[in-house]
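Throughout, protein chains are lettered first and strands after them, A, B, ... in sequence-line order, and every chain is numbered starting at 1.
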Amino acid sequence: KKRVFMEFLDRLNSKLREVFSKFTSGGDAWLEPEDKTNIFNGGIDLITAFPGKPRRSLSIASGGEKTIAALSFVFALSKLNPTTVYILDEVDAHLDPVNLERLASALKDLSNESQIIVISLKDVIASKADKIYGIYSKGGLSKVVAAVMNVEAISNG
Amino acid sequence: KKRVFMEFLDRLNSKLREVFSKFTSGGDAWLEPEDKTNIFNGGIDLITAFPGKPRRSLSIASGGEKTIAALSFVFALSKLNPTTVYILDEVDAHLDPVNLERLASALKDLSNESQIIVISLKDVIASKADKIYGIYSKGGLSKVVAAVMNVEAISNG
Amino acid sequence: VYIKRIEIKGFKSFKNRTVINLCKGLNVITGPNGSGKSNIVDAIRFALGELNPRMLRVERFSELICDNLDAGSRRAYVKIVLDNSDRKIPIDSGEVEIQRSIDEKGRMTYKINGRRSSREAIVDMLSVAGLSPSAINIIMQGAVTRIADLTPKRRRELLEEII
Amino acid sequence: VYIKRIEIKGFKSFKNRTVINLCKGLNVITGPNGSGKSNIVDAIRFALGELNPRMLRVERFSELICDNLDAGSRRAYVKIVLDNSDRKIPIDSGEVEIQRSIDEKGRMTYKINGRRSSREAIVDMLSVAGLSPSAINIIMQGAVTRIADLTPKRRRELLEEII
Ligand SMILES: Nc1ncnc2c1ncn2[C@@H]1O[C@H](COP(=O)(O)OP(=O)(O)OP(=O)(O)O)[C@@H](O)[C@H]1O
Ligand SMILES: Nc1ncnc2c1ncn2[C@@H]1O[C@H](COP(=O)(O)OP(=O)(O)OP(=O)(O)O)[C@@H](O)[C@H]1O
Ligand SMILES: [Mg+2]
Ligand SMILES: [Mg+2]
């Protein structure tokens, strides 16, 4: 059991380093068991080293940095287990323009393996969509208009 | 004591209605004691009715709607007690373009009475500033550049 | 397995029957504050079998029903049609439709391909496809930084569940 | 009363002495993620007498010291210069300077206009001016919706404190 977990952790770590490094243009991130001799004795830390900065606890990271670390973790997990659906509601709220662009690329990349449903107010994210849904309120009730952006990617929409 | 509180609540309610109605272009909001006969017996509800919608509990309101209600509450309080400093860190994260514009006007208005320090990633907000501070990271350390936007408003910056 | 379409009726701000056809790739939902975007996420979680009404931002499930409905029509349902061409779901049909309904008294019914079923049957079926209302792949508004703030112990438990 | 300038040295990502001159009206701080914007807010709260390190996003006050400093220079201070031309603060000077410092061992010192003082003296003085680290007029990143989510009881207590 311990070996299965260690193997999984190794594979996840290599994906996490890859995703985080790409997201931050050179940063490093990895998962570290608190107790290396017996994993189940302690928890698992998420260590991040943003570019130009030393490794630090995520608890003192900024809102945008935490968002990037959290999404890298989720995306890395998806690369190990790709055939699933992702539903992300305004996860980009605290990202600056550079990080928004990187998130948009990461989502585009992820959407080749998984179905992604993103709620976003950012043009940068909407511009990468295969299909966009505009929700608006009329008389207090929700209405939907949909527009297909990328015709080849749509098989049923 | 009860009379002092009731008077305060009345004055606050008139400011809250004013601020919220302006922020939402026609919405209504007010504070309602849970126990009208003895205020201190219960709490005080914040009731909101967004335009085109009936009065509803704030708990089912959207992220943007809660932000508007919260800021209206804070700004209304400031109108009763104006000579103070406001420090707002990315309170605009979940606002759509229309609400961002309204927040920018509300901040401009509030800044005539109070000093306001806002952290924001939104151009709409920065465009209303009397002074802008750009923070950037060099070698992992923070640096500041400042630019005065509105010369008459600056007496010491 | 992916969601081909969602049908929402009487649920929160979706008073009238609304059909949303999704594509296999990147779907982006946008619109003004308060228009109903997060309500769509609540609808999906509801249909996937969410047990905790607070995860749907209400105190009781009956509060999910559109408050604009007249007496006598106070019912809500959400239908999710899943593409099953890879047969990951152990049902021999290219599409699997799950539906969850609730009425004014809070009574809930579940259906698979139109036939009455149970929440357990739906949850079992969906777990094969990696779809669960409480999985890490559904991130609610404002919740993303909480993943970064997980305690080391919670993080290990989360990973153990995934394996 | 308003903040004329802030001086930060050795505090979080502000290793070297940084002076920020503020204006009386609308000041907007912007910049990339992780650049240090919220650290400025932490610095202000620290100088105003914050008692709970978690409100400054650290477990212990000593973690506020810039981790890039060499041994022997591991100290941090934040100085706030307040405009007092309206004499709201009961000190006969047009400017009032408050400073809070911390060293590696966690020892903290407070100064008013350069003279050693106590946290209590500073907090009393500031409350007259409506400046308190935990007041509703300081809204931290991600915290604004919590004001909308206050329980009715908490909201009444908050209003009672304000009167
Ligand atoms: N039971 C209900 N009946 C009718 N309307 C409801 C019900 N529950 C919630 N609503 C309405 O739905 C709206 C909230 O929708 P939602 O949270 O989906 O908004 P949103 O588009 O995500 O907005 P934001 O961009 O601000 O997050 C609110 O205006 C609320 O009043
Ligand atoms: N004690 C410390 N020594 C040095 N650097 C620190 C210390 N504490 C925090 N930092 C750094 O400060 C940075 C966070 O700064 P801050 O929270 O002010 O960012 P921000 O500009 O508000 O970003 P965002 O827009 O993402 O919210 C982090 O990169 C963190 O590593
Ligand atoms: Mg929403
Ligand atoms: Mg910040």
Any donor-acceptor pair under 3.5 Å from D:Arg75 side chain to D:Gly72 backbone
yes
To see if you've got the definition right, give the donor-acceptor pairs under 3.5 angstrom between chain D and chain A.
residue, atom, partner, partner atom, Å
D:Asn33, N, A:Asp96, OD2, 2.6
D:Asn33, OD1, A:Asp96, N, 2.9
D:Asn33, OD1, A:Asn99, ND2, 2.9
D:Asn33, ND2, A:His94, O, 2.8
D:Gly34, N, A:Ser62, OG, 3.3
D:Gly34, O, A:Lys53, NZ, 2.8
D:Asp67, OD1, A:Arg56, NH2, 2.9
D:Asp67, OD2, A:Arg56, NE, 2.7
D:Gln141, NE2, A:His94, ND1, 3.3

Select one option (side chain, backbone, both, neither) describing which atoms of A:Ala61 are under 4.5 Å from chain D's heavy atoms.
backbone
Can you check whether D:Tyr110's main-chain N or O pairs, donor with acceptor, with D:Arg119's side chain at less than 3.5 Å?
no
Would you list the pairs meeting ring-ring contact (aromatic ring centres under 6.0 Å, His included) in which at least one residue belongs to residues 48-74 of chain A, sequence neighbours left out?
A:Phe20-A:Phe50
Kindly state each residue pair satisfying ring-ring contact (aromatic ring centres under 6.0 Å, His included) with at least one member in residues 122-163 of chain D, sequence neighbours excluded.
none
Qualifying ring-ring contact (aromatic ring centres under 6.0 Å, His included) pairs with a residue from residues 40-69 of chain D, counting only residues at least two apart or across chains
D:Phe11-D:Phe46
Check whether any side-chain heavy atom of D:Leu131 lies under 4.5 Å from a side-chain heavy atom of D:Leu82, and answer yes or no.
yes
